[in-house]
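Taking it in order: structure first as structure tokens, then the write-up.
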Amino acid sequence: MEQISVIGGGTMGNGIAQVFGANGFNVKLVETSKELAEKAVATIDKNLSRMVKKEKIGETEKNDALKRIETATDIADGVKYADLVIEAIPENFDLKKKVFATVDEYAPDDVILASNTSSISITKLAECTTRPERFIGMHFFNPVPVMTLVEVINGLKTDESVTTQILDLSEKLGKSAVPANDSPGFVSNRVLMPMINEAIFCVYEGVAKPENIDSIMKLGMAHPMGPLRLADFIGLDVCLDILKVLYDGFKDPKYRPCPLLIQMVDAGKLGDKTGEGFFSY
Ligand code: NAI
């Protein structure tokens, strides 16, 4: 596998492109405009420069990685030689469906199609293409160059050989790839989000202050970040959306989003990105 197309150069997409570029792969990064493509490359440049400063890589490695990353603003052009296409556009099924229909039309026959979705069904996305057996979830974590996990999600029809190739490839990126089967929230968010939601219920019911809830989980459970600090970092709107996916997917009241979470999202307190959530930034 040599040629990787990454669709979307936002938070996740530019990190994914960086990691592939830094590990010797040729990358086509597809964005909606030249400006956004340039912005994504500038972010990658800045992040690689930081790694040079920390002496994690040399100046030559940085420049080689950047040389391997080309951009495109047209999906047809961006995927025509791809061995693997990874989609990292916003978490919206209709948007992803449209993009995968175009990718499906122009990508080579033997391409593997992957989505970095954090909560949309891989089986459902796979059916937006004519080759669901070559479709898989590659769930990277933020920040991609730092976090070592790739949760590899098999759709109902994903071919076993595709899973094997993606697990091997992820290891070549220096990541630890862990397989799971398609199910609402996969493993990561199915386990994480109820914990975050429960921490929010503790605030809502006045059980303890946010800083004390986080201290208890950090000191007692050896979590590097408390659940409320993590919720702010992920974005409270994103947490709410994922809880809704779990609630809708299982129809189990244990996934009901805490009313306080809904209120905070309604009030625009979304965490780090708005400067206020459970904590101020
Ligand atoms: P983002 O909003 O930062 O970036 C999305 C990018 O896609 C934007 O730059 C946008 O211009 C571009 N885009 C939109 N439509 C496009 C199109 N038709 N063609 C090419 N580019 C297009 O979003 P983010 O946070 O990077 O999320 C992307 C995906 O990754 C979502 O599915 C999200 O659920 C998932 N994810 C996000 C994580 C996070 O912590 N942010 C963690 C794990 C997964």
Side-chain angles (χ1 to χ4, degrees), residues 4-19 27-44 47 70-79 82 85-107 113-122 124-125 128 135-153 170 175 177-178 180 184-190 192-193 196 225 229-246 270-273 277:
I4 316 294
S5 297
V6 180
I7 319 280
T11 310
M12 298 303 287
N14 74 56
I16 295 169
Q18 176 182 326
V19 167
V27 179
K28 266 272 189 203
L29 181 56
V30 186
E31 255 295 348
T32 48
S33 69
K34 202 164 166 270
E35 291 69 33
L36 284 172
E38 279 166 5
K39 191 176 156 208
V41 173
T43 305
I44 296 171
N47 289 339
E70 290 179 3
T71 61
T73 52
D74 178 32
I75 291 182
D77 172 41
V79 304
V85 176
I86 305 176
E87 166 275 314
I89 69 165
E91 191 73 342
N92 174 306
F93 175 72
D94 292 333
L95 216 60
K96 288 187 195 285
K97 183 178 175 181
K98 221 170 123 193
V99 161
F100 274 117
T102 314
V103 170
D104 197 23
E105 198 178 335
Y106 294 100
L113 304 175
S115 175
N116 182 53
T117 178
S118 41
S119 63
I120 299 173
S121 160
I122 294 301
K124 191 172 162 188
L125 283 173
C128 302
F135 198 103
I136 196 160
M138 275 185 99
H139 187 199
F140 289 86
F141 289 76
N142 185 23
V144 180
V146 178
M147 300 293 281
T148 51
L149 175 64
V150 185
E151 192 181 23
V152 175
I153 316 293
S170 305
K175 302 286 182 199
V178 184
F186 314 137
V187 172
S188 50
N189 282 318
R190 181 172 178 177
L192 174 66
M193 286 303 158
I196 286 179
M225 241 177 171
R229 176 69 195 90
L230 183 57
D232 278 355
F233 177 72
I234 294 170
L236 299 189
D237 51 341
V238 175
C239 293
L240 179 58
D241 285 344
I242 297 173
L243 277 162
K244 284 180 183 163
V245 167
L246 289 168
L270 307 182
D272 295 33
K273 62 187 160 195

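All values reported here derive from a predicted model rather than from experimental measurement. Just follow the structure's listing: the first ligand is 1, and inside any ligand the first atom is 1.
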pair Pro90-Leu95: side-chain heavy atoms closer than 4.5 Å: yes

Note, Ile234 side chain near Leu192 side chain (heavy atom, < 4.5 Å):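 Counting from C-beta outward, Ile234 and Leu192 do come under 4.5 Å.
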
Check ion pair Glu35-Lys39 (N to O, under 4.0 angstrom): no

His139 touching ligand 1 at heavy-atom level, < 4.0 angstrom: yes

Within-shell test, Lys96 vs ligand 1, heavy atom, strictly < 4.0 Å: yes

Side chain, backbone, both or neither: which applies to [X] and ligand 1 if a contact is any heavy-atom pair less than 4.0 Å apart?
X      : value
Ile89  : both
Val99  : side chain
Phe141 : neither
Asn116 : both

Looking only at protein heavy atoms, identify the closest one to [atom] and say how far it is in Å.
atom                    : result
atom 2 (O) of ligand 1  : Pro90 CG, 4.3 Å
atom 12 (C) of ligand 1 : Glu31 OE2, 3.3 Å
atom 40 (O) of ligand 1 : Asn142 CB, 3.3 Å
atom 37 (C) of ligand 1 : Met12 CG, 3.4 Å

Heavy-atom neighbours of Lys273 NZ exceed 12 at 6.0 Å: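 Counting neighbours around NZ of Lys273, more than 12 heavy atoms of other residues, nucleotides or ligands fall under 6.0 Å, so yes.
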
Other residues, nucleotides, ligands: >12 heavy atoms within 6.0 Å of Phe141 CZ: yes

Run the numbers for me: atoms of ligand 1, each under 4.0 Å from some heavy atom of [X], listed by number.
X      : value
Ile7   : 19 (N), 20 (C)
Val30  : 20 (C), 21 (N)
Thr117 : 32 (O)

Thr71 backbone acceptor or donor facing Glu31 side chain under 3.5 Å: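 Not confirmed, Glu31 side chain does not pair with Thr71 backbone.
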
Asn47 side chain to Gly15 backbone, donor-acceptor under 3.5 Å: no

Nearest atoms (heavy-atom pairs only) where Gly8 meets Leu29: O-CD1, 3.7 Å

Val144 vs Met12, side chain to side chain contact (heavy atoms under 4.5 Å, CB included): CA-CA, chis, key distance, verdict: CA-CA 7 Å; Val144 180; Met12 298 303 287; 3.6 Å; yes

Residue pair Glu91, Thr117: steps toward the side chain to side chain contact (heavy atoms under 4.5 Å, CB included) verdict: CA-CA 6 Å; Glu91 191 73 342; Thr117 178; 2.8 Å; yes

Polar contact flag for Ile75 and ligand 1 (N/O pairs, less than 3.5 Å):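 Ile75 vs ligand 1: no N/O contact under 3.5 Å.
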
Per-atom contact, atom 23 (O) of ligand 1, protein heavy atoms, under 4.0 angstrom: no

